[in-house]
Amino acid sequence: MVKSDFNAAVWVDSLGTNPTMERSRRPVFVMGCHRSGTNLLYDTLLSAGGFAVYRGYMPVYKMFLPVFGSFAKLENRTRMMDTWLRSKGYRRSGLDAADIRKRILEQCRTGGDFIRIVMDEVARKQDAQRWAVYDPDNVLYVPKVKADIPEALFIHIVRDGRDIALSLKKMEGFKPFPWHREAGSLEGTALYWEWMVHKGRSFGQKIPTDYLEVQYEDLVLKPRETLATLSHFLGQDLNYERIQQTALGRLSETNSSFREEAARQEINPVQRWKERLSAEQVASIESLVGATLEEFGYTLTTPVEKRRSGLRERWLHTAYPAFLDGKLWLKIETPLGRLIPTSVLELQDSAPEGSPDDAELKV
């Protein structure tokens with residue numbers, strides 16, 4: 001089996017948090033399995049005030065570094081900036097192209113440097129005391145982020161894996177094995193959820209004071225209590241009334257994978273699986289990831305005697321993590337990462353004019 005885990009013991013022992021930075025100013029990374037509510041949680045933070053408002057996409061660790069290579073090389077930074085300045089993420093930043101390009105080419109050496117330089121400037125322009133970024137897949141790169149930005153705080157939002165399986169299957173957000181894409185795709189997405197939440201928790205356990213798990217269901221059903229927990233963790237008051245009044249992004253516009261149900265009066269996004277999955281489908285999911293559901297506080301509904309645990313289930317439970325670990329390793333550790341498509345960045349044909357001449361930069 002190919003292992004993609006980073007050497008967490010090394011980085012947690014060699015790094016500490018920045019003792020000179022107040023907790024209320026430390027950067028925040030919102031992460032979690034896709035369809036877990038990362039957008040909702042991120043917009044909740046931004047609506048509370050004090051955070052720089054940035055809705056851009058910066059897939060630094062999962063795309064920029066694999067595609068362009070180490071930022072320690074000027075050539076790689078140059079190619080990356082030529083691409084990023086054409087992206088929707090840049091266009092949403094409100095930054096001057098020539099200035100940010102010069103700063104990145106002169107000062108950036110790691111993925112964390114890029115995020116910090118860009119987001120510090122966004123926060124400065126908005127006179128915000130701190131910044132937060134979100135990307136579900138950052139749950140896979142916590143050690144790398146923490147090594148680059150030691151003062152970073154991480155909020156891992158976790159949602160019921162049965163709802164994740166239902167939502168991802170509908171959106172075709174996860175592609176299981178080619179021979180396991182139709183009837184078995186619910187199982188594949190459930191196993192993908194399990195892999196993601198275990199990655200997040202295993203990394204988070206190495207940095208307990210800088211890592212917090214929040215359940216999506218609590219954020220939706222018990223927002224005041226959840227905000228109190230978040231406030232304590234972040235060292236910043238997240239006032240419920242202010243958040244409701246500001247209501248940025250997903251707080252005012254649904255991100256539901258069932259958005260076509262526009263005629264609804266009020267959709268409850270919690271435990272939607274109870275209405276949409278058959279008893280057989282629920283039993284199949286709980287047979288595979290039931291232990292993890294219970295580990296994260298979710299109650300199983302299928303009696304023990306009806307949860308299959310045969311050779312096929314054991315094989316899937318072994319094969320999927322190996323497949324996902326191997327895929328991640330190939331992407332970040334081999335030249336295959338260069339093949340990652342950049343179309344999701346929504347690139348324009350050309351970068352903004354006025355970028356400085358590379359020859360003038362001190363590197």
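All values below come from the heavy atoms of this structure, side chains included, with hydrogens, waters and symmetry mates left out. Along the sequence shown, residues are numbered consecutively beginning with 1.
Within the model, atoms CG of L41 and CE of M31 stand 11.0 Å from one another, a figure rounded to the nearest 0.5 Å. Expressed to the nearest 0.5 Å, how far CD1 of I155 lies from CG of D210 amounts to 11.5 Å. Here the OH-CZ distance, from Y211 to F203, works out to 10.5 Å after rounding to the nearest 0.5 Å. Note that the CG atom of D43 and the CZ atom of R55 stand 4.0 Å from one another [nearest 0.5 Å]. The distance from the NE2 atom of H198 to the CH2 atom of W193 is 7.0 Å, given to the nearest 0.5 Å. To the nearest 0.5 angstrom, L219 atom CG is 7.5 Å from L230 atom CG.
The existence of a salt bridge linking R116 and E151 is confirmed by a sub-4.0 Å separation between a basic side-chain nitrogen and an acidic carboxylate oxygen. Using a 4.0 Å cut-off between a side-chain N of Lys or Arg and a carboxylate O of Asp or Glu, D96 and R101 do not qualify as a salt bridge. Salt bridge D163/R276: absent, no basic N to carboxylate O contact under 4.0 Å. Between E346 and R92 no salt bridge is recorded (no basic side-chain N to carboxylate O distance below 4.0 Å).
Checked against F68 for a side-chain contact (heavy atoms from CB on, under 4.5 Å), the options D82, T83, T78 give a single hit: T83. Tested against F29, the residues Y141, Y42, F154 include a single ring pair (Phe, Tyr, Trp, His ring centres under 6.0 Å) partner, F154.
Side-chain contact of T301 with E286: a donor-acceptor pair under 3.5 Å is present, judged by distance alone. Under 3.5 Å, the side chains of Y134 and N39 contain a donor-acceptor pair of N or O atoms. Counting only N and O atoms by type, the side chains of E313 and S287 include no donor and acceptor under 3.5 Å apart. Judged by distance alone, the side chains of E194 and Y320 never bring a donor and an acceptor atom under 3.5 Å apart.
Inter-residue side-chain proximity for W329 and D325 is flagged as unmet; no heavy-atom pair is nearer than 4.5 Å. Contact of the F296 side chain with the V289 side chain is not registered, since no non-hydrogen atoms from C-beta on lie closer than 4.5 Å. The closest side-chain heavy-atom distance from L153 to R130 is below 4.5 Å. Using a 4.5 Å cut-off on side-chain heavy atoms (C-beta onward), L300 and R307 make contact. Contact of the W84 side chain with the T342 side chain is not registered, since no non-hydrogen atoms from C-beta on lie closer than 4.5 Å. No side-chain heavy atom of L191 sits under 4.5 Å from any side-chain heavy atom of L324. A 4.5 Å side-chain heavy-atom check between R224 and L227 finds every atom pair outside the cut-off. Within the 4.5 Å cutoff, the side chain of M58 has no heavy atoms near those of the S93 side chain.
Under a cutoff of 6.0 Å and an axis angle of 45°, R23 and F233 form a cation-pi pair.
Remark: the backbone N or O of V30 is not paired with any side-chain donor or acceptor of T38 at under 3.5 angstrom. The closest donor-acceptor contact from the side chain of R77 to the backbone of C108 lies under 3.5 Å. When atom types are taken as modelled, the side chain of E187 and the backbone of S284 share no donor-acceptor pair closer than 3.5 angstrom. Judged by distance alone, with hydrogens and angles left aside, the side-chain atoms of R86 form no donor-acceptor pair with the main-chain N or O of L347 at under 3.5 Å. No donor-acceptor pair closer than 3.5 Å links the side chain of S87 to the backbone N or O of L345.
In the hydrophobic clustering of ILVMFWY residues, with side-chain heavy atoms under 4.5 Å counting as a link, L186 and W315 come out together. Placement of V304 and L288 in two distinct hydrophobic clusters is found when ILVMFWY residues are connected by side-chain heavy-atom separations under 4.5 Å, directly or transitively.
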query: Stepwise, does the side chain to side chain contact (heavy atoms under 4.5 Å, CB included) test hold for I164 with S36?
result: CA-CA 7 Å; I164 297 295; S36 289; 3.5 Å; yes
message: side chain to side chain contact (heavy atoms under 4.5 Å, CB included) for L40 and V220? Distances and angles first, verdict last.
response: CA-CA 9 Å; L40 177 65; V220 172; 4.1 Å; yes
From CA spacing to verdict: side chain to side chain contact (heavy atoms under 4.5 Å, CB included), V145, I115: CA-CA 10 Å; V145 176; I115 297 172; 5.8 Å; no
message: Applying side chain to side chain contact (heavy atoms under 4.5 Å, CB included) to Y298 and V158, what does each step give before you reach the verdict?
response: CA-CA 11 Å; Y298 297 102; V158 178; 4.3 Å; yes
Criterion salt bridge (Lys or Arg N to Asp or Glu O under 4.0 Å) on R124 and E121, from CA distance to verdict: CA-CA 5 Å; R124 187 192 68 79; E121 183 62 13; 2.6 Å; yes
Test log, rule salt bridge (Lys or Arg N to Asp or Glu O under 4.0 Å), inputs K199 and D137: CA-CA 10 Å; K199 288 289 186 185; D137 289 320; over 6 Å; no
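Residues G161 and L293 come closest through the heavy atom pair N-CD2, 3.6 Å. The minimum heavy-atom distance linking P269 with R159 is given by the pair O-NH2, 2.8 Å. Residues K331 and P66 share a closest heavy-atom pair of O-CB, 3.4 Å. Residues P208 and K206 approach most closely at CD-C, 3.4 Å, considering heavy atoms.
Scored by the side-chain hydrogen bond (donor to acceptor under 3.5 Å, both in side chains) test, N239 finds no partners at all (sequence neighbours excluded).
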